[in-house]
Protein chains: 2
Amino acid sequence: MHYINVLKNSILFYGIEPKDVNEMLSCLSSYIKEYKKDEIILSESEYVDKIGIIISGCARSIKNDVSGKTTIITLLNEGSYVGVLLAASKNRESPVSVQASDNTIVLYIPIDNVFRRCEKNCVRHEILTRNLFDGLSQKAMVLHDRNDCLIKSTLRDKIMTYLIRLSKEQNSAEFVLPLDRNGLSEYLNADRSALSRELSKMQKEGLINFTKNHFRLN
Amino acid sequence: MHYINVLKNSILFYGIEPKDVNEMLSCLSSYIKEYKKDEIILSESEYVDKIGIIISGCARSIKNDVSGKTTIITLLNEGSYVGVLLAASKNRESPVSVQASDNTIVLYIPIDNVFRRCEKNCVRHEILTRNLFDGLSQKAMVLHDRNDCLIKSTLRDKIMTYLIRLSKEQNSAEFVLPLDRNGLSEYLNADRSALSRELSKMQKEGLINFTKNHFRLN
DNA sequence: TAAATTTCGTTGCCCTGGCAACATAACTCC
DNA sequence: GGAGTTATGTTGCCAGGGCAACGAAATTTA
């Protein structure tokens, strides 16, 4: 089980002794499932009662809007959760589909088993629920952060909000932009060329400096 | 303790015998705090290690952007959580302030106590953590839903996304809009007059019908 | 019921930013 | 190194929608 290495570093099993992880997995009735590239891991409008963790491969959550256009919501990698947000709200159908971008292995844990505790391993269970809680709130924060950009009225404010956040995260007025221009434009829900135009303007006005993906706030 | 009535119907204590709630409250080392109208309940950039539940009064979460303009993020009522999202991510400072809109009473429960379980009441603790998880994911879904509107490129698509959601929630092509025009425009991050204009257009084109806050999708 | 206040629709003006088309780098493969 | 791709910047065009100002309903207060 080479994927133990992924799990013991995952946010779900963080703080749990690697040697205990195996035992817990069976205690939780977890199971794994494999998907081929492009296969659908989770369908829009499906109901979910288990949490998934990608132990190998990668995927993307996508969404089709009314007109049928596909939008990528999130990129999921090794260690990422699939459907945590949904697992809790059982009466809620999935707003997104998740599609494997590559051959992918997912570990599933029925959500009920995470909460139900067997007598013997109370402490580890406590860590587990707490970790799950952490992971969920992180996911929520990701949503919050994007909202924070999207609610700005001008493109410039969107950009600034994002850059300021990066600057804080990296603790410096100089920082690296983890997205390419196209990725950033999608994240901010803007046109790529308009983004480039605005970035150039902002640099001309001395607000920021950048070369390639290395930015600096002034 | 009249607020027991609020609590036993709250999402946190849902499914727990009202008679048990009192005992649990002391077991959890909960405590209450009162705030006067306009008083700050939670400050931006504060760190949080407890969850709050409004047991009387109401509040709003607000945010000051770079230019100092204040935006209302959420309205909080009796039974609403304060800072759940934050309580989990301890290393994360609050992105919003929460201000009492009225004289308000908040019940606090240290987050650690929610996870740490005393031997005697394991079952209730299990319900509690599950409820908390539910509540958190609901909050996340609220964020998701708003995102869903905001990422649309045109105002019309934003409106439609929102209306379709309402229609689904109310299980009918006819439904009531819970916001006034101004509220809707803020939610969709649009101009009120532009919103009115677009709604009128959509009605002229036969896409929707509405009188006052009663809408119908065609 | 009259006056005042709030809510909603309408419209003209004009700017932000989406779209398309093209130029330049930068990078990848033969 | 040349050809093909991909990432980024630039620019003209123009429409979507923000802004302001106004009028009409609707609701509240006196």
Side-chain angles (χ1 to χ4, degrees), chain A residues 60 65-72 75 101 146 149-163 166 175-216, chain B residues 60 65-72 75 101 146 149-163 166 175-216:
Chain A
R60 54 175 175 273
D65 63 7
V66 197
S67 56
K69 206 179 63 178
T70 298
T71 320
I72 297 176
L75 297 178
S101 314
R146 181 148 186 218
C149 293
L150 293 180
I151 59 173
K152 305 299 176 195
S153 49
T154 67
L155 179 54
R156 173 169 300 199
D157 282 351
K158 288 179 211 220
I159 296 172
M160 277 306 280
T161 304
Y162 182 73
L163 293 183
L166 278 188
F175 51 89
V176 175
L177 188 85
L179 299 167
D180 60 20
R181 294 292 184 276
N182 197 47
L184 182 56
S185 74
E186 285 186 8
Y187 182 82
L188 299 179
N189 201 32
D191 179 75
R192 186 195 56 78
S193 69
L195 170 66
S196 268
R197 181 203 291 151
E198 193 64 32
L199 281 174
S200 296
K201 268 196 211 167
M202 289 166 75
Q203 187 161 41
K204 273 197 198 92
E205 298 177 24
L207 251 167
I208 58 173
N209 284 86
F210 65 94
T211 43
K212 245 200 130 201
N213 281 15
H214 186 266
F215 280 68
R216 139 172 277 284
Chain B
R60 55 176 174 274
D65 64 7
V66 196
S67 56
K69 205 179 66 180
T70 299
T71 319
I72 297 176
L75 297 178
S101 314
R146 179 145 188 222
C149 293
L150 292 180
I151 59 173
K152 305 299 175 195
S153 49
T154 67
L155 180 52
R156 172 169 301 200
D157 283 351
K158 288 179 212 217
I159 296 172
M160 277 307 280
T161 304
Y162 181 73
L163 294 183
L166 278 188
F175 51 89
V176 174
L177 188 86
L179 299 166
D180 60 18
R181 294 292 183 277
N182 198 46
L184 182 57
S185 73
E186 284 185 10
Y187 182 82
L188 298 179
N189 202 30
D191 180 73
R192 186 195 56 78
S193 68
L195 170 67
S196 269
R197 182 200 294 151
E198 193 63 30
L199 281 174
S200 298
K201 268 196 213 169
M202 289 164 75
Q203 187 160 40
K204 273 197 200 91
E205 297 178 25
L207 251 166
I208 60 173
N209 284 87
F210 65 95
T211 43
K212 248 202 125 201
N213 280 15
H214 185 265
F215 279 69
R216 139 172 278 284

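Chain naming here is simple, since letters A, B, ... match the order of the sequence lines and numbering starts at 1 in each.
When the C1' atom of C/dC19 is taken as reference, atom CG of A/Asn189 falls 15 Å away, rounded to whole Å. Between the CG atom of A/Asn213 and the C1' atom of C/dA26 there is a distance of 13 Å, rounded to whole Å. Here the C1' atom of nucleotide D/dG9 and the CD1 atom of A/Ile159 are 14 Å apart, to the nearest Å. Going from atom CG of B/Leu188 over to atom P of D/dG18 covers 10 Å, rounded to whole Å. Separating the CE atom of A/Met202 from the C1' atom of D/dG9 is a distance of 16 Å, rounded to the nearest angstrom. As rounded to whole Å, 10 Å separates atom P of D/dG9 from atom CD1 of A/Ile208. A straight line from CZ of A/Phe210 to P of D/dA7 spans 17 Å, rounded to a whole angstrom. Atom pair B/Glu186:CD and D/dG18:P shows a separation of 13 Å (rounding to whole Å applied).
Within the 4.0 Å cut-off from OP1 or OP2 of D/dT27, at least one side-chain nitrogen or oxygen of B/Lys212 is found. A sub-4.0 Å separation between OP1 or OP2 of D/dG18 and a side-chain N or O of A/Ser153 is absent.
Under the 4.0 Å criterion applied to side-chain N and carboxylate O atoms, A/Glu205 and A/Arg156 are assigned as salt-bridge partners.
The aromatic rings of B/Tyr187 and B/Tyr162 sit tilted, their planes meeting at an angle between 30° and 60°.
Taking B/Ser193 as the reference, B/Asp191 meet the side chain to side chain contact (heavy atoms under 4.5 Å, CB included) condition, with sequence neighbours excluded.
Inter-residue side-chain proximity for A/Ile208 and A/Arg216 is flagged as unmet; no heavy-atom pair is nearer than 4.5 Å. You'll find the side chain of B/Met160 reaches within 4.5 Å of the side chain of B/Leu207, heavy atoms only. Side-chain contact between B/Thr154 and B/Glu198 is absent, with no heavy-atom pair separated by less than 4.5 Å.
Panel note: side chain A/Arg181, backbone A/Arg192; no donor-acceptor pair is recorded below 3.5 Å. When atom types are taken as modelled, the side chain of B/Asn213 and the backbone of B/Val176 share no donor-acceptor pair closer than 3.5 angstrom. The backbone N or O of A/Leu150 sits nowhere less than 3.5 Å from a side-chain atom of A/Asn189 that would complete a donor-acceptor pair.
A heavy atom closer than 4.0 Å to some atom of DNA chain D occurs in no member of residues 175-185 of chain B. The stretch residues 191-199 of chain B comes close to DNA chain C through B/Arg192, B/Ser193, B/Ser196, B/Arg197, each having a heavy atom under 4.0 Å from the strand.
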